[in-house]
Amino acid sequence: MDLTPYVDNLRRELAVAADASGDEARALAERLSAPLESAARLTLLNVLSAAMSDVTRELAPGSVDVRLRGLDPEFVVTPPPAPEPVREAREPVVAPVVAAPAASEGDDGTMVRINLRLPAHLKGRAEGAAAAEGLSVNAWLVRAVAVALDGGGSAGAPGRGKESGGRGFTGWVR
């Protein structure tokens, strides 16, 4: 953005005001015009920066920055990330119930701890899926990992076939 027209306008206004006051005022206005140009540019830059701060607040998480290139300010716009497309509501997909995997040879059944960091949107979905199946998030994740590592097979839990009438139980037994 070129500030020169605005600064030139300020000089003209100062010259017009000085002309009305005589030769002495005109000479003073000419001497003051160079220092006033710097002050005017700085003031305009401050005004633009304050305005872009307000725009950035409204545009968040995007932003608008004012950068100085030579004597002229330049605007750098960082748009907010594009929103994810809205998906049509579908009936929830019911995951097949999978039995806990049988212990492999040499497995002593020892439980180990692992830290898993999920994005917030995945954490919420995992909690919802676990709650829908009446499982803890940990039990749901163990089952999901086991299914993924075993090739995604959908072997049901014992007693879940048609011969048992499709009834089943979930949960922990002590």
Side-chain angles (χ1 to χ4, degrees), residues 1-96 98 111-152 154:
M1 172 177 201
D2 186 14
L3 295 180
T4 304
Y6 303 102
V7 174
D8 288 346
N9 187 42
L10 180 63
R11 279 185 181 189
R12 279 191 302 275
E13 294 294 326
L14 182 61
V16 167
D19 281 342
S21 299
D23 291 335
E24 198 174 300
R26 189 174 315 119
L28 178 63
E30 287 175 14
R31 284 194 314 266
L32 289 177
S33 64
L36 283 176
E37 179 179 348
S38 297
R41 284 183 181 276
L42 183 60
T43 300
L44 287 171
L45 186 60
N46 286 336
V47 168
L48 290 173
S49 293
M52 291 309 105
S53 290
D54 289 345
V55 169
T56 294
R57 238 180 271 116
E58 294 296 320
L59 190 62
S63 65
V64 179
D65 293 316
V66 180
R67 296 185 183 160
L68 204 57
R69 186 167 303 269
L71 293 176
D72 298 320
E74 181 180 276
F75 299 107
V76 179
V77 178
T78 305
E84 292 184 25
V86 178
R87 296 181 182 157
E88 293 181 18
R90 298 181 186 157
E91 291 188 31
V93 177
V94 178
V98 179
M111 299 297 273
V112 294
R113 178 176 296 273
I114 184 170
N115 290 330
L116 175 66
R117 295 177 190 263
L118 294 173
H121 72 280
L122 287 181
K123 178 183 180 272
R125 290 176 59 192
E127 289 171 338
E133 295 182 31
L135 296 172
S136 68
V137 174
N138 189 63
W140 187 85
L141 286 170
V142 168
R143 189 185 69 200
V145 169
V147 168
L149 294 176
D150 291 340
S154 59

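We number each residue from 1, following the sequence as shown. As the structure is a computational prediction, the values presented were derived from the model and not from experiment. Only this structure's heavy atoms are used, side chains among them; waters, hydrogens and symmetry mates stay out.
- In this structure, Ser53 OG and Asp65 CG are separated by 9.0 Å, a value rounded to the nearest 0.5 Å.
- Of the options Val7, Leu14, Thr43, a side-chain contact (heavy atoms from CB on, under 4.5 Å) to Leu36 is made by Leu14 and by none of the others.
- A salt bridge is absent between Glu74 and Arg67; no separation between the charged side-chain nitrogens and carboxylate oxygens falls under 4.0 Å.
- In plain terms, the two heavy atoms of Ser136 and Ala139 that are nearest each other are OG-N, 3.0 Å.
- Contact check for Arg143 versus Leu135: side-chain heavy atoms found under the 4.5 Å cut-off.
- Distance check, rounded to the nearest 0.5 Å: CD of Glu127 to CG of Leu122 gives 11.0 Å.
- Sorted by first and then second residue, the pairs that involve residues 25-50 and meet salt bridge (Lys or Arg N to Asp or Glu O under 4.0 Å), not counting sequence neighbours, are Arg11-Glu37, Asp19-Arg26, Asp23-Arg26, Glu37-Arg41, Arg41-Asp72.
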Evaluate the criterion side chain to side chain contact (heavy atoms under 4.5 Å, CB included) for residue pair Val66 and Phe75; output intermediate values, then yes/no.
-> CA-CA 5 Å; Val66 180; Phe75 299 107; 3.8 Å; yes
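- Nearest heavy-atom pair, Leu48 versus Pro73, reported as atom, atom and distance to 0.1 Å: CD1-CG, 3.7 Å.
- No more than 12 heavy atoms of other residues, nucleotides or ligands sit less than 6.0 Å from atom OH of Tyr6.
- Between Val76 and Val64, every side-chain heavy-atom pair lies at or beyond the 4.5 Å cut-off.
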